[in-house]
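What follows is a short report on a single structure.
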Amino acid sequence: MKKVLVLACISLGAMSSSFTSNAQSIPNGSFDNWEGAGTSLHTMKDKRITQRPGEEPVSWNGSSITLNGLAGVDEERIRVNKIVDGDNTYVRLDNAKVGCTKNYLNWNGRLSLGETWASFNYNKELGIIYDIPNLSGPKAANAFAQAGSYDGMEFTYRPDAIRARVSRNNAGENYHIVAYIWNGSAWGDVPGTLAFNGNAYSSTDGYISSWYSLENSDRVLMGKIAKTSGDAHVLASVDYTDNTAHDWKDLIIPLNYNSAYPADERPAKTNVIFCAGDPWDIQTAVDGNTLSVDDVNYVYYSRLDGVSFSGHDVEGFDSDIYEYNLDFGYPNGYDEIAYTVKGQSLDKTVTIDPLWQQLRIDLTVTYTGGNGEGYDVDGESSHTYSFYFAEKTSGVDSLPESMARVTATAGSVSISAFTGVAEVFTVDGRLVARSEIDGNGEIALAKGIYLVRTGSKTARVYVR
C-alpha cells in the first residue's frame, strides 16, 4: 500500500493536514477578456478619483490617462493596448510622453493587479505637465514617483514562481516584472500636490508641495521607500528586469521567500506589476519602448528536489528526470527514505509506494491546492519518480515489516508491502484466518472489527 505524507513546508518531517480550499492563481492571465478601463486615485488635494480611458484586461489596472487640454478637450493617452493576433489576444504596454498641449512628461506603460494612483500638476493656461526635480532628505526616493500601484487581490497561497510570455521591441531600458505576497498593512508618503515656482516655462522650478499617505503602495511593500506606519511584512517577492530587445520568450521567475517568517505562513494578498519601463521612476521611461505580455500565472511545483535511501544520496538527481537505477540495496523501512520537495508552496502530498517484487520504490509529489489551478511549469499537478535498486539489503530475505500496510475493504482486508504469514484475530483474541502473503494479498472476512498481525506489527481494522 502507498504511504502518503502531507507536507506543510518543504522540509522533511514537517507535516499537517492538506489545505482544502481551491488553489488561487492569477485571474485572466491569458488577457482574453477585456472591459472598459477602471478608475485611478489622484493624490492631489482637489480631485481624488478619475476615469481611465480605453479598455483593460478584466481584473487588471493600467496606466492610461486622460488629461484636460485647451477648450475643455480631453486628451486620451492610451498606455495599455489590446492586441489581437489570429485567435490569440495579449496586452501591449507603451512608454510615451504625455501632456495636455505639449508632451513634456515621460510616462510608462504599466499593468497591475493592484489599484493605480497618479499625481499631476500643469500650467492652467498652457496645460503643460512639469517635471519635478529630485529632492533631498527621507522622501527623495519619491521625487519621481508620480504614479504607481497600491493594494492587490486577496490571496492565501505560497507560489513558487511567476510565469509569463513577454516580448520587447527596443533595447537600452529595463522592463520590470514585479510580484509579491504579503500580510498586514503599511502606509507611506507619495507625492500629492505638485507645484512650480512662478516660471511657467521652467521645469527646474517644480517641487512637491504636499504629500499623500497611501496604504500598501508598491514602493513601501517592495522597500523602495520607508513606511511611515503599519505592520505589513512581505513573505516573498521578485523584481525581474531585462534591458534587451527580444521576441516572445517564456519566463519562469522564482519568488524569493524571506526566511525571517515561518515557512507555513500564508499571505493575505498579492500584487503583480508589468512595466515597459521603471515602475519606481516614471520619468526615466523611454518614449516608444513597449512590453508585450501574455499567459501569466503563478507556478506551484509538484517535484522532488532531492532524495536519499539508507543514507545514500541519489547522485545526479534532477527534478526533471523521473527514473533512476541505483547501485545500492533496498532500504529497510520508511525511516530510511529522506527527501526534499522543490519550492516553498504548501498543500503538497508525497506518496511512497514500495514495489518489493520489482526492487523499486515510487515517490509521487502532488499539489493538492485544488481545482486544477496549482499547475507546475509543464501544466501538471503531480510527478512520480521511480527508483530501481541493485539488490535486497544484505541479510534481508523478505520485505521489511516496517513497510507492511493493512487496509479494510468491503468483505476483506488488503495487505501490501509484506512478505510472510498474516494472521487475523477477533477483538477477543480468537484466530479466524491465516494466510501466506508474498508482497500483496487479500483475506476474505465477514463484517466486523479485527486485529491483523503482520510479523511483529498489529493493525486494527473495520470490515464493512
Side-chain angles (χ1 to χ4, degrees), residues 25-34 56-60 62-63 79-96 108-113 149 159-181 218 222 236-257 270-280 284-303 305 318-321 342-345 367 373-381 383:
S25 201
I26 295 175
N28 193 28
S30 62
F31 304 117
D32 290 335
N33 302 315
W34 289 67
E56 292 172 343
V58 173
S59 302
W60 295 83
S63 59
R79 302 281 75 85
V80 176
N81 294 275
K82 178 181 181 180
I83 308 298
V84 179
D85 182 10
D87 59 357
N88 185 46
T89 301
Y90 61 90
V91 62
R92 191 189 72 217
L93 307 174
D94 297 354
N95 287 349
N108 52 36
R110 284 173 288 108
L111 192 67
S112 67
L113 291 176
S149 70
D160 295 313
I162 186 168
R163 182 177 193 173
R165 290 179 59 243
V166 299
S167 68
R168 174 67 155 191
N169 66 330
N170 290 317
E173 177 192 16
N174 278 331
Y175 66 80
H176 287 243
I177 300 175
V178 180
Y180 50 93
I181 59 175
D218 47 13
M222 288 297 292
S237 65
V238 66
D239 184 357
Y240 174 88
T241 61
D242 188 348
N243 64 359
T244 64
H246 57 79
D247 292 330
W248 286 102
K249 66 179 178 180
D250 193 11
L251 296 177
I252 300 169
I253 309 167
L255 270 69
N256 302 310
Y257 276 82
T270 188
N271 189 21
V272 174
I273 305 167
F274 293 93
C275 188
D278 185 351
W280 319 121
T284 63
V286 176
D287 189 3
N289 275 358
T290 70
L291 176 67
S292 297
V293 187
D294 201 1
D295 298 331
V296 180
N297 214 336
Y298 274 138
V299 172
Y300 301 81
Y301 290 126
S302 54
R303 301 169 189 256
D305 200 35
D318 187 319
S319 61
D320 294 326
I321 299 175
K342 186 175 182 178
Q344 296 199 46
S345 55
Y367 183 82
E373 293 181 347
Y375 286 134
D376 206 319
V377 294
D378 59 0
E380 302 294 332
S381 59
H383 295 86

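Note: hydrogens, waters and symmetry copies are ignored here, and every other heavy atom, side chains too, is used. Values in this document were obtained by computation on a predicted structure and should not be read as measured data.
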Check for a donor-acceptor pair, side chain of [X] on one end and backbone N or O of [Y] on the other, with a separation under 3.5 Å.
| X | Y | answer |
| --- | --- | --- |
| N289 | N95 | no |
| N28 | N33 | yes |
| R303 | H383 | no |
| S302 | D376 | no |
| N108 | G277 | no |
| D160 | Q344 | yes |

Task: Any residue meeting side-chain contact (heavy atoms from CB on, under 4.5 Å) with S292, in chain and number order, not counting sequence neighbours - done: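 Expected list: Y90, R92, S167, W248.
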Open item on the list: With a 6.0 Å cut-off (strictly less than), is the heavy-atom count around CG of D247, excluding the residue itself, greater than 12?
Closed with: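 Atom CG in D247 is not crowded, with 12 or fewer foreign heavy atoms closer than 6.0 Å.
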Open item on the list: Using the ring pair (Phe, Tyr, Trp, His ring centres under 6.0 Å) criterion, which residues pair with F31? Sequence neighbours excluded.
Closed with: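 With sequence neighbours excluded, F31 shows a ring pair (Phe, Tyr, Trp, His ring centres under 6.0 Å) to W60, given in chain and number order.
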Open item on the list: Using side chain to side chain contact (heavy atoms under 4.5 Å, CB included), reason through V84 and W34 one step at a time and then give a plain yes or no.
Closed with: CA-CA 12 Å; V84 179; W34 289 67; over 6 Å; no
Task: Contact check, side chains of V91 and F274, non-hydrogen atoms, under 4.5 Å - done: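 Sidechains of F274 and V91: no contact.
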Open item on the list: A side-chain contact here means heavy atoms from C-beta on lying under 4.5 Å apart; do L93 and V80 qualify?
Closed with: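 Counting from C-beta outward, L93 and V80 do come under 4.5 Å.
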If you compare all heavy atoms of [X] against all heavy atoms of [Y], which two are closest, and at what distance to 0.1 Å?
| X | Y | value |
| --- | --- | --- |
| M222 | Y180 | SD-CD2, 3.5 Å |
| A161 | I252 | CB-CG2, 4.1 Å |
| S319 | K342 | OG-NZ, 3.8 Å |
| Y375 | S381 | CD2-N, 4.4 Å |
| A179 | I162 | CB-CD1, 4.0 Å |
| H176 | L291 | O-CD2, 4.5 Å |

TODO: Determine the sole option in I26, L113, I177, L251 for which the side-chain contact (heavy atoms from CB on, under 4.5 Å) test with V296 is passed.
DONE: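 The single option meeting the side-chain contact (heavy atoms from CB on, under 4.5 Å) with V296 is I26.
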Task: Plane angle bin for Y240 and Y175 - parallel if under 30°, tilted between 30 and 60°, otherwise perpendicular - done: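 Y175 and Y240: tilted rings.
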Task: Between D218 and N271: side-chain donor-acceptor atoms closer than 3.5 Å - done: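 Not at all, the side chains of D218 and N271 share no donor-acceptor pair under 3.5 Å.
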About how many Å separate [atom2] of [Y] and [atom1] of [X], when rounded to the nearest 0.5 Å?
| X | Y | atom1 | atom2 | value |
| --- | --- | --- | --- | --- |
| D242 | N174 | CG | CG | 7.5 Å |
| N170 | T290 | CG | OG1 | 7.0 Å |
| R110 | D94 | CZ | CG | 13.0 Å |
| L111 | N81 | CG | CG | 11.0 Å |
| C275 | E173 | SG | CD | 8.0 Å |
| L255 | T270 | CG | OG1 | 7.5 Å |

Open item on the list: For D250, is there an ion pair with R163 - N to carboxylate O distance below 4.0 angstrom?
Closed with: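 Here R163 pairs with D250 in a salt bridge, since their nearest N and O are under 4.0 Å apart.
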